[in-house]
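Hydrogens, waters and symmetry mates are skipped; everything else that's a heavy atom, side chains included, is used.
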Amino acid sequence: QVQLVESGGGLVQAGGSLRLSCAASGSINRMGWYRQAPGKQRELVATITSGGSTNYVDSVKGRFAISRDNAKNTVYLQMNSLKPEDTAVYYCNAFIFGTGNFWGQGTQVTVSS
């Protein structure tokens, strides 16, 4: 079982920045961030493999950057130029080959206009 501990959410004005962090209790193949806004389905925001390959949803490209520190089993999401539509609960995700997916508890990000 993998434990994920998230931090870094909060309230920010439009145009501002936030940085999310997620520390895993073990080594992870692929880590990522998903988000879920009220009344909407959970959607992928960004993922990063252990080799550093990244993937982003189109709506955050050029504004968000995902990175990881493999030595610390930690993934980060730097969010810049935040928009009110980025408001959601952000969930850390960890995928391990042969084991499956694990989720963090979620952290609220609220962007005011």
Main chain of Val2, side chain of Ser25: is a donor-acceptor contact present, judged purely on distance under 3.5 Å? no
Do Thr110 and Gln108 pair up side chain to side chain, a donor and an acceptor below 3.5 Å, judged on atom types alone? yes
Spatial distance of atom OG (Ser53) from atom CZ (Arg30) [nearest 0.5 Å]: 11.5 Å
Among residues at least two apart in sequence or on other chains, which ones pass ring pair (Phe, Tyr, Trp, His ring centres under 6.0 Å) with Tyr34? Trp103
Between Gln36 and Lys40, the two heavy atoms sitting closest are NE2-O, 3.1 Å
So, for Tyr56 and Thr54, which heavy atoms are closest and what is the spacing to 0.1 Å? CE1-OG1, 3.7 Å
Determine the minimum heavy-atom distance between Val5 and Gln105, stating which atoms define it. CA-OE1, 4.4 Å
Side chains of Ser27 and Asn73, heavy atoms from C-beta outward: is any pair under 4.5 Å? yes
Pairs satisfying salt bridge (charged side-chain N to carboxylate O under 4.0 Å, His left out), at least one member in residues 65-82, at least two apart: none
So Val60 and Arg35, do their side chains get closer than 4.5 Å, heavy atoms only? yes
Heavy-atom side-chain contact between Val75 and Leu77 under 4.5 Å: no
When rounded to the nearest 0.5 Å, the distance separating CZ of Phe64 from CG of Leu82 is 5.0 Å
I'd like to know if the side chain of Glu6 reaches the main chain of Cys92, judged simply by a donor and an acceptor atom lying under 3.5 Å from each other, with no hydrogens or angles considered. yes
Member of Val45, Asn101, Thr47 meeting the side-chain contact (heavy atoms from CB on, under 4.5 Å) criterion with Asn93: Asn101
Sidechain N-carboxylate O distance under 4.0 Å for Lys83, Asp86: no
Do Ser50 and Asn29 get their side chains close enough for a donor-acceptor pair, meaning under 3.5 Å? no
Working to the nearest 0.5 Å, report the span between CZ of Phe102 and CD of Gln3. 9.0 Å
Which atom of Ser17 lies closest to which atom of Asn80, heavy atoms considered: OG-OD1, 2.9 Å
Provide the closest heavy-atom pair for Ser21 versus Trp33 in the form atom of the first, atom of the second, distance. O-CH2, 3.6 Å
Find out whether Ile66 and Tyr76 are in side-chain contact, i.e. whether some heavy atom of one side chain is under 4.5 Å from a heavy atom of the other. no
